[in-house]
Amino acid sequence: MKRKWVVNSILIILLLTGFFLIYVLWPKEEKLPVLDKVDSFTLQAIDGQEYSSDNGKVKLLTFFYTKCPDICPLTMIDFQKLQAELQNKDLFGKHVELVAVTLDPVNDTTEGIKSYSQSFGADYDGWKFLRGSEDETRNIADLYHMKYKKLEGDFIAHNTTMFLIDQDQQIRGLFDMANQNKAVNIEEIVAAMEVLIEDE
């Protein structure tokens, strides 16, 4: 009887050990898988500083233009809320950035973008508005497979994807810009940013 109890105890221990090893060693699915690797870029920020994307910070990158009638301003309104949330968590500017690159450098002058950004309460410590030449803009858009086309009346048709980029210039998430029916998913973006900061 005693021997049977010992054998059963050993079997239970081996079984539990097996489950534990499977749990520890089994490959775990990444919370935020690497979707792509992109080259870094350098552009002029509207505060007069040269901005390099290879700065070791997590960033959410979006493209915009100031004459955009709907999607861009709606997104910037949500970015203002996102900025406040990241400031409350003491992440803004230190660990994470919001980056907005104009698709229309011909019409979007530095002063024009500055006025536009100020209307949304942008804090340049962590919300970077960038402007380059037409060629630079096209090259950066191509890095992210961002498609856009100028139309009549200075309107631009463009993709509405935003890119979550980690400290190593890897795309780790794709998010939608805002529209009239759906806001930017601030909660999901902040949670993803915190994951990337913890994994650093």
If only side-chain N and O atoms count, and only distance matters, is there a donor-acceptor pair under 3.5 Å linking Asp108 with Thr66? yes

Side-chain donor or acceptor of Lys128 paired with backbone N/O of Glu97 under 3.5 Å: no

For a 4.5 angstrom cut-off between non-hydrogen side-chain atoms, does Met162 reach Val184? yes

Going by heavy atoms in the side chains, are Phe155 and Lys149 under 4.5 Å from each other? no

Applying side chain to side chain donor-acceptor pair (under 3.5 Å), run through Ser117 and Tyr124 and close with a yes or a no. CA-CA 9 Å; Ser117 66; Tyr124 300 148; 2.6 Å; yes

Same cluster or not: are Ile165 and Trp127 linked, directly or through other Ile, Leu, Val, Met, Phe, Trp or Tyr residues, by side-chain heavy atoms under 4.5 angstrom apart? no

Fit a plane to each ring of Tyr116 and Phe64, take the angle between them on a 0 to 90° scale, and name the class: parallel (under 30°), tilted (30 to 60°) or perpendicular (over 60°). parallel

Do Val99 and Phe175 belong together in a cluster built from hydrophobic side chains that touch within less than 4.5 Å? no

Take Asp123 and Gln83 through the test side chain to side chain donor-acceptor pair (under 3.5 Å) and record every step on the way to the result. CA-CA 8 Å; Asp123 179 346; Gln83 172 181 263; 5.8 Å; no

To the nearest 0.5 Å, tell me how far Gln44 CD sits from Thr110 OG1. 7.5 Å

Given 3.5 Å as the limit, does a donor-acceptor pair link the side chain of Arg131 with the main chain of Pro105, or not? yes

Taking side chain as C-beta onward, heavy atoms only, is Ile156 less than 4.5 Å from Asp104? yes

Which atom names give the shortest non-hydrogen contact between Asp78 and Ala178, and what distance separates them? OD2-CB, 3.5 Å

Okay, side chain of Ser133, backbone of Glu136: is any donor-acceptor separation there less than 3.5 Å? yes

Side-chain heavy-atom pair Tyr144, Ile171 within 4.5 angstrom cut-off: yes

Side chain to side chain contact (heavy atoms under 4.5 Å, CB included) between Cys72 and His158, worked out: CA-CA 10 Å; Cys72 300; His158 62 88; 3.7 Å; yes

Contact between Thr102 and Phe129 at the side-chain level, heavy atoms closer than 4.5 Å - yes or no? no

Would you say Glu85's side chain and Gln80's backbone share a donor-acceptor pair under 3.5 angstrom? no

Taking atom OG1 of Thr42 and atom CG of Asn55, what is their separation to the nearest 0.5 Å? 10.0 Å

With a 4.5 Å limit on heavy-atom distance, are the side chains of Arg172 and Pro33 in contact? no

Which distance, rounded to the nearest 0.5 Å, do you find between the CZ of Phe92 and the CG of Leu82? 8.5 Å

When rounded to the nearest 0.5 Å, the distance separating CE of Met193 from CG of Leu91 is 9.0 Å

Common cluster, Val190/Leu174, ILVMFWY with side-chain heavy-atom separation under 4.5 Å: no

Angle between ring planes, Phe41 versus Tyr51, binned at 30° and 60°: parallel, tilted or perpendicular? tilted

Euclidean distance, Leu164 CG relative to Leu196 CG, rounded to 0.5 Å: 5.0 Å

One thing to verify: whether Glu194 and Lys89 come together as a salt bridge, which I'm taking to mean a side-chain N less than 4.0 angstrom from a carboxylate O. yes

Is there a continuous path of hydrophobic side-chain contacts, each under 4.5 Å between heavy atoms, that joins Val195 to Leu35? no

Once rounded to the nearest 0.5 Å, what's the spacing between atom OH of Tyr65 and atom OG1 of Thr137? 14.5 Å

Taking all non-hydrogen atoms of both residues, which atom of Leu32 and which atom of Ala192 are closest, and how far apart? CD1-O, 3.4 Å

Tell me if a side-chain donor or acceptor on Lys81 pairs with a main-chain N or O of Met76 at a distance below 3.5 Å. no

Can you name the closest pair of heavy atoms from Lys94 and Asp90 and give their distance? NZ-OD1, 2.8 Å

Ile71 and Leu60: same hydrophobic cluster, using ILVMFWY side-chain contacts below 4.5 Å? yes

For residues Leu86 and Leu98, determine if any side-chain heavy atom of one lies less than 4.5 Å from a side-chain heavy atom of the other. yes

Closest non-hydrogen atom pair between Leu103 and Lys150, with its separation: O-CE, 4.4 Å

Any cation-pi pair here, Arg138 with Tyr148, using under 6.0 Å and within 45°? yes

For Asp142 and Asn139, run side chain to side chain donor-acceptor pair (under 3.5 Å): C-alpha distance rounded to whole Å, both residues' side-chain angles, the deciding distance at 0.1 Å, then the answer. CA-CA 5 Å; Asp142 287 345; Asn139 290 338; over 6 Å; no

Given 3.5 Å as the limit, does a donor-acceptor pair link the side chain of Glu111 with the main chain of Ile46, or not? no

Give a yes or no on whether the backbone of Lys182 and the side-chain of Asn179 come within a donor-acceptor separation of less than 3.5 Å. yes

Test log, rule side chain to side chain contact (heavy atoms under 4.5 Å, CB included), inputs Val106 and Glu134: CA-CA 7 Å; Val106 173; Glu134 288 190 278; 3.5 Å; yes

Between Asn159 and Met146 the two heavy atoms that sit nearest each other are O-CE, 3.2 Å

Any donor-acceptor pair under 3.5 Å linking the side chain of Gln170 with the backbone of Asp36? no

Would you indicate whether the side-chain heavy atoms of Val58 and His95 approach each other to under 4.5 Å? no

Step-by-step side chain to side chain contact (heavy atoms under 4.5 Å, CB included) determination, Lys37 to Gln169: CA-CA 6 Å; Lys37 171 84 174 180; Gln169 301 300 300; 4.3 Å; yes

Nearest heavy-atom approach of Ser40 to Ser53 is CA-OG, 3.3 Å

